[in-house]
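All remarks here apply to the structure that follows.
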Number of protein chains: 2
Amino acid sequence: MILKSQVEWVLHCCAILAGLPDGRYLSTKALAELHGLPKEYLSKALQSLSQAGLVHSTLGPSGGYRLARPPAELTFLDIAEAVEGKARTFVCANIRANNPCRPKGYCDSSPCAVARIMWEADEAWRQKLRSVTLADLGEILSQETPPAIWNDTFEWVLKRAG
Amino acid sequence: MILKSQVEWVLHCCAILAGLPDGRYLSTKALAELHGLPKEYLSKALQSLSQAGLVHSTLGPSGGYRLARPPAELTFLDIAEAVEGKARTFVCANIRANNPCRPKGYCDSSPCAVARIMWEADEAWRQKLRSVTLADLGEILSQETPPAIWNDTFEWVLKRAG
DNA sequence: AAATTTAGGGATATTTTATATCCATAATAT
DNA sequence: ATATTATGGATATAAAATATCCCTAAATTT
């Protein structure tokens, strides 16, 4: 069970978009080049963000993406779920119902205990991701990225931002 | 990102094995029949448990599996990892290293912040699963499964246990 | 001793998901 | 007008999940 690589991609892209001045947009092309990613496929991932309402897009030259909300209001969970979907990682096939000792047509009053526990673990994962925002990430990155690289990167980005 | 259905299978199988009297074994055939699962493929999942040292197996007629440890010492995480592997769900491709603004040959001093956060979420998931044992599951199941079904099931199982 | 039943391992097949690539379209900027 | 962009649809390839089958060695039952 491995998360799509697109999750990593859009998290990094959002970190960049979070550093963009108000009203500026950054294109798929620039984001792909900056991260060394296949442009067409990254585009699909960014479209997922757009469909989830996390980013706003605009067309034409100087078009691209910007965040739809302030970085403090965008969580890792929002972003991961936009790409990965909101479904739980544990799917209960309710195999207890196949037990030959069951009366035929017997109906369970509550979800299977196994599933409930697995879903609690899922929720713990979600809760952690819900607790970290793009603002948090930006703060960490700005502190631990060498200033030379940090500054060069945003200079590079601003040169390409519409 | 969905867990293998085998995870569900072995959790239910272990719940049954946890209810087996000391020294008795239950075969793949019986476990597959009890849960309505494909015997051959379930067998692969049980072999994973065996390789992880969670169960002990014995050959021949009246052979099969029993738990290798008391139910209180077997966690959901042990079982899930036996089937699913111990790898983290977030794989960091370190795409920050593709940033064209980086000095060539620059080496990061710590793992990427994005990865660290995703791994913390992974760890929250693991921690939850580590906190629930087969003994806990057994207690829940014995309480909420209708006694008739519960008793019939173990009668059914004991008739087939070696 | 022979026949049966089992776990284990290897090979292979099928289906589904992830990872792309390509193209047509409509909107926007220069 | 021309160039550039996001979007959506179609298609292709690679990898993983979900099996199935067969063989072997060990243990049990007869």
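Just so we're clear, the structure is a prediction, and the values are computed from it rather than from any experiment. Computation of the quantities below employed the complete heavy-atom set of this structure, encompassing side-chain atoms and omitting hydrogens, waters and symmetry-equivalent molecules. Reminder, nothing fancy here: chain letters follow the sequence lines and each chain counts from 1.
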Assert: residue with more 5' nearest nucleotide on DNA chain C, out of B/Gly64 and A/Pro38, is B/Gly64

Rounded to whole Å, the CG-C1' distance (B/Leu37 to D/dA17) equals 15 Å

With heavy atoms under 4.0 Å as the rule, sort B/Gly162 into base, sugar-phosphate or nothing.
nothing

In whole angstroms, the gap separating P of D/dT20 from NZ of B/Lys29 amounts to 17 Å

B/Gln47 CD to D/dA25 C1', in whole Å, measures 14 Å

Aromatic rings A/Trp119 and A/Phe90: how do their planes relate, parallel, tilted or perpendicular, breaks at 30° and 60°? perpendicular

Exercise for review: Report yes if the side chains of A/Val132 and B/Glu120 come closer than 4.5 Å at any heavy-atom pair, otherwise no.
Suggested key: no

Is it true that the side chains of B/Gln47 and B/Ser43 contain a donor and an acceptor less than 3.5 Å apart? yes

Chain B vs DNA chain C, heavy-atom contacts under 4.0 Å, first-to-last nucleotide span, 5' to 3', is C/dT4 to C/dA18

Rounded to whole Å, CD1 of B/Ile2 lies from C1' of D/dT18 at a distance of 14 Å

- Query: Parallel, tilted or perpendicular for B/His56 and B/Tyr25, by the 30°/60° rule?
  - Reply: tilted

Taking B/Ser142's backbone N and O only, do any of them form a donor-acceptor pair with B/Thr145's side chain (distance below 3.5 Å, no angle check)? no

Of the listed D/dG8, D/dA19, D/dA27, the closest approach to the B/Tyr41 side chain comes from D/dA19

When rounded to whole Å, the CG to P distance for the pair B/Leu3 and D/dA16 reads 16 Å

Looking only at D/dG9, D/dA19, D/dT7, the nucleotide nearest the A/Lys44 side chain is D/dG9

request  = Say whether B/Val91 and B/Met1 are linked into one hydrophobic cluster, either directly or through other cluster members, by side-chain heavy-atom distances under 4.5 angstrom.
outcome  = no

Exactly one of A/Leu54, A/Leu17, A/Leu49 clears side-chain contact (heavy atoms from CB on, under 4.5 Å) with A/Val10, and that residue is A/Leu49

* Checking all strands, does B/Ser43 fall into the base, sugar-phosphate, or nothing category for heavy-atom contacts under 4.0 angstrom? -> nothing

Is there side-chain contact between A/Val55 and A/Leu67, with heavy atoms separated by less than 4.5 Å?
yes

Residues of residues 17-28 of chain A with a heavy atom under 4.0 Å from any atom of DNA chain D, listed by number, are A/Ser27, A/Thr28

To the nearest angstrom, the CD-P distance between B/Glu8 and D/dA17 comes to 16 Å

Closest to the 5' end of DNA chain D, once A/Glu40 and A/Ser62 are matched to their nearest nucleotides, is A/Ser62

A/Gln51 atom CD is separated from D/dG8 atom C1', nearest whole Å, by 9 Å

*Is it true that atom CD of B/Glu139 has more than 12 heavy atoms of other residues, nucleotides or ligands lying nearer than 6.0 Å?*
no

Here the distance between atom P of D/dA6 and atom NE2 of A/His56, to the nearest Å, is 12 Å

